[in-house]
Protein chains: 2
Amino acid sequence: MSKIAIYIVDDHEIVREGIAAFLIGVPDIEVKALFPDAMSVLKSLEKDLPDVLLLDIGLPDIDGIKLAERLKISHPKLPILIISGNTDDRHLIGAVKAGVKGFLPKDVEKTELCEAILRVASGKKYFSSEISQSLQNALINHLDTAELSAREKEIAILLADGLSFREIGSQLFISERTVEAHKNNAIKKLGLRNTMQLVAWAVTNLK
Amino acid sequence: MSKIAIYIVDDHEIVREGIAAFLIGVPDIEVKALFPDAMSVLKSLEKDLPDVLLLDIGLPDIDGIKLAERLKISHPKLPILIISGNTDDRHLIGAVKAGVKGFLPKDVEKTELCEAILRVASGKKYFSSEISQSLQNALINHLDTAELSAREKEIAILLADGLSFREIGSQLFISERTVEAHKNNAIKKLGLRNTMQLVAWAVTNLK
DNA sequence: ATAAGCCTAGGGGAATTTCCCTATATAAAT
DNA sequence: ATTTATATAGGGAAATTCCCCTAGGCTTAT
């Protein structure tokens, strides 16, 4: 029985090395290579496949979840284990939809990381207990809806432009309560906390 | 048509002579005088004005940029062309604010120096391509974000992350009123309407 | 030395947003 | 036909933010 070969993908060198350091000396596990971005690991995967891919979400070139979606198509049997500091609803659901085998928070402990890798390598799933908790809530809130309606997007943009509910209402000839309702729906769908985050989301995704 | 009269100001004799040597024999250009410091050239300018003043920044008595600011007042039409080895943000922005007509790095080539002098003498501006590049970055870094203090930027980012005044306050160990004050100052400085616009600004400029 | 900018922080009331609800109508999908 | 999503909108109270003000201590520049 050969060791479990691991690829690590993370844009921060410290994190890459930190994970690698965790795993050095662990029997049955061998870190094969480290990658700072999606493109480099994609290239490498053409030649050689690890047994488990440890993947961060915040990559510079391709979002980790997008990458996971792609890999599901090109390498459907490659088990992906996400390690991310960002555990909000959107990311969790995106990851699950993309079919990742596990999800760990970035402050995971050594023993749990090893446990997760062994599980995932043997074809099972592993979601840390914190993650499971959040994921359940996220699924309850919005399993299938990640897209905003046209009206919701419109209002998100107007909010980002600095208009109040009242101003948006009179501009769109609807009640300010309706504006509020659309805003609330948008926040729920995206798994956000408040209007500030919606504005931030709108700026990065709608402009 | 008489030649273009040049004053050269630089504390290093080698540089003064070097520039002069560059310009000797160039038709249409005549080096009128060399000065090792700001005071000597100030005295000279009371009697006689050149067509272009070549000015170094690192002078022993008065900083070249300060000198340029003064001269803008006393001799507003005198075109100043900075030649400096120091091309950091502060100097570039200072020079531009002082209204200098051109800026060259100290390793400028003969042809470019002549070109710059001719341009400046005819009332145009001349910034070498290296300088333009750096200047653009400097302007982006400073006139844009440097308008906000570090604290203000910090709070703008935290707001964009979706934190309330209270949460930001306890995270930074300051009162929520102080957070509000910083936020208000940031909004005023940037000429915005409200926090939504500040968040939008923060997302595009600070992330 | 004086001014300017920054960081701090409070008072108090007005305005706005947020958070619970409920509700109807319409179009699209199953 | 029934569900689902969308768009609309209100009540009411709590929470938060906004807007005006003042103000002291500190550093930096002129």
Side-chain angles (χ1 to χ4, degrees), chain A residues 139-200 202, chain B residues 38 61-63 65-70 72-73 90-91 93-94 97-98 142-143 145-200 202:
Chain A
L139 289 173
I140 288 166
N141 286 339
H142 46 80
L143 178 54
D144 282 319
T145 51
E147 279 289 308
L148 296 192
S149 72
R151 203 56 150 173
E152 287 158 352
K153 286 185 213 164
E154 187 178 20
I155 280 163
I157 289 174
L158 292 172
L159 283 169
D161 287 340
L163 304 191
S164 68
F165 291 166
R166 191 171 302 165
E167 289 167 325
I168 294 172
S170 61
Q171 184 166 319
L172 300 181
F173 303 107
I174 57 179
S175 155
E176 53 197 275
R177 303 310 302 271
T178 305
V179 176
E180 192 197 347
H182 285 309
K183 180 222 69 177
N184 284 333
N185 287 334
I187 287 174
K188 253 187 207 161
K189 281 188 185 174
L190 297 172
L192 305 176
R193 295 184 62 193
N194 54 34
T195 310
M196 304 301 162
Q197 287 189 347
L198 180 61
V199 166
Chain B
D61 47 357
I62 302 176
D63 183 68
I65 289 174
K66 289 271 161 60
L67 177 59
E69 287 168 1
R70 285 203 201 178
K72 257 308 143 224
I73 298 167
R90 216 161 30 92
H91 289 119
I93 290 182
K97 276 192 176 173
H142 290 254
L143 294 190
T145 67
E147 282 185 26
L148 294 192
S149 72
R151 204 55 152 174
E152 287 157 353
K153 286 184 217 164
E154 190 177 17
I155 279 162
I157 289 174
L158 292 173
L159 283 169
D161 286 339
L163 304 190
S164 68
F165 290 166
R166 190 171 303 166
E167 289 169 323
I168 294 172
S170 61
Q171 185 166 319
L172 300 182
F173 304 106
I174 58 178
S175 155
E176 53 196 277
R177 304 308 301 272
T178 306
V179 177
E180 192 196 345
H182 286 309
K183 180 223 67 177
N184 285 332
N185 287 333
I187 287 173
K188 259 186 204 156
K189 282 187 185 174
L190 297 172
L192 304 177
R193 295 184 65 192
N194 54 32
T195 310
M196 303 302 162
Q197 286 188 346
L198 179 61
V199 166

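Just so you know, these numbers come straight off a predicted model, no measurement behind them.
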Think [X] has a side-chain N or O under 4.0 angstrom from the OP1 or OP2 of [N]?
X	N	value
Thr178(B)	dA9(C)	yes
Lys189(B)	dC6(C)	yes
His182(A)	dT8(D)	yes
Ser164(A)	dA15(C)	no
Thr195(B)	dC18(D)	yes
Ser149(B)	dG5(C)	no
Arg151(A)	dT8(D)	yes

Between [X] (side chain only) and [Y] (backbone N and O only), is there a donor and an acceptor less than 3.5 Å apart?
X	Y	result
Asp161(B)	Leu163(B)	no
Glu152(A)	Leu148(A)	no
Thr195(A)	Leu198(A)	no

Please give, in whole Å, the distance from [N] [atom2] to [X] [atom1]?
X	N	atom1	atom2	answer
Phe165(A)	dT18(C)	CZ	C1'	8 Å
Asn184(B)	dT17(D)	CG	P	12 Å
Arg70(B)	dT30(D)	CZ	C1'	12 Å
Glu180(B)	dC6(C)	CD	C1'	17 Å
Leu159(B)	dT16(D)	CG	P	14 Å
Leu148(A)	dA5(D)	CG	P	14 Å
Ile155(B)	dT8(C)	CD1	C1'	11 Å
Ile174(A)	dT26(C)	CD1	P	18 Å

Exercise for the section: Could you say whether Arg177(A) or Arg177(B) is positioned toward the 5' end of DNA chain C, judged by the nucleotide with the nearest heavy atom to each? Expected result: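 Checking each residue's closest nucleotide, the 5'-ward one belongs to Arg177(B).
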Exercise for the section: Could you tell me whether Glu176(B) contacts a base, only the sugar-phosphate backbone, or nothing, with contacts defined as non-hydrogen atoms closer than 4.0 Å? Expected result: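 Contact class for Glu176(B): none.
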Practice task
Quick one: label Lys183(A) by what it contacts on the DNA or RNA (base, sugar-phosphate, nothing), any heavy atom closer than 4.0 Å.
Solution key: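 Sugar-phosphate only.
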Practice task
Could you check Arg166(B) against Lys66(B) and say which one's nearest nucleotide on DNA chain D is further toward the 5' end?
Solution key: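 It is Arg166(B), whose closest nucleotide lies nearer the 5' terminus.
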Exercise for the section: Could you tell me whether Arg177(B) and Glu180(B) have a side-chain N and a carboxylate O separated by less than 4.0 Å? Expected result: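 A salt bridge links Arg177(B) with Glu180(B).
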Handout entry: pair Leu190(A)-Gln197(A): side-chain heavy atoms closer than 4.5 Å
Key =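 No - every pair of side-chain heavy atoms lies 4.5 Å or more apart.
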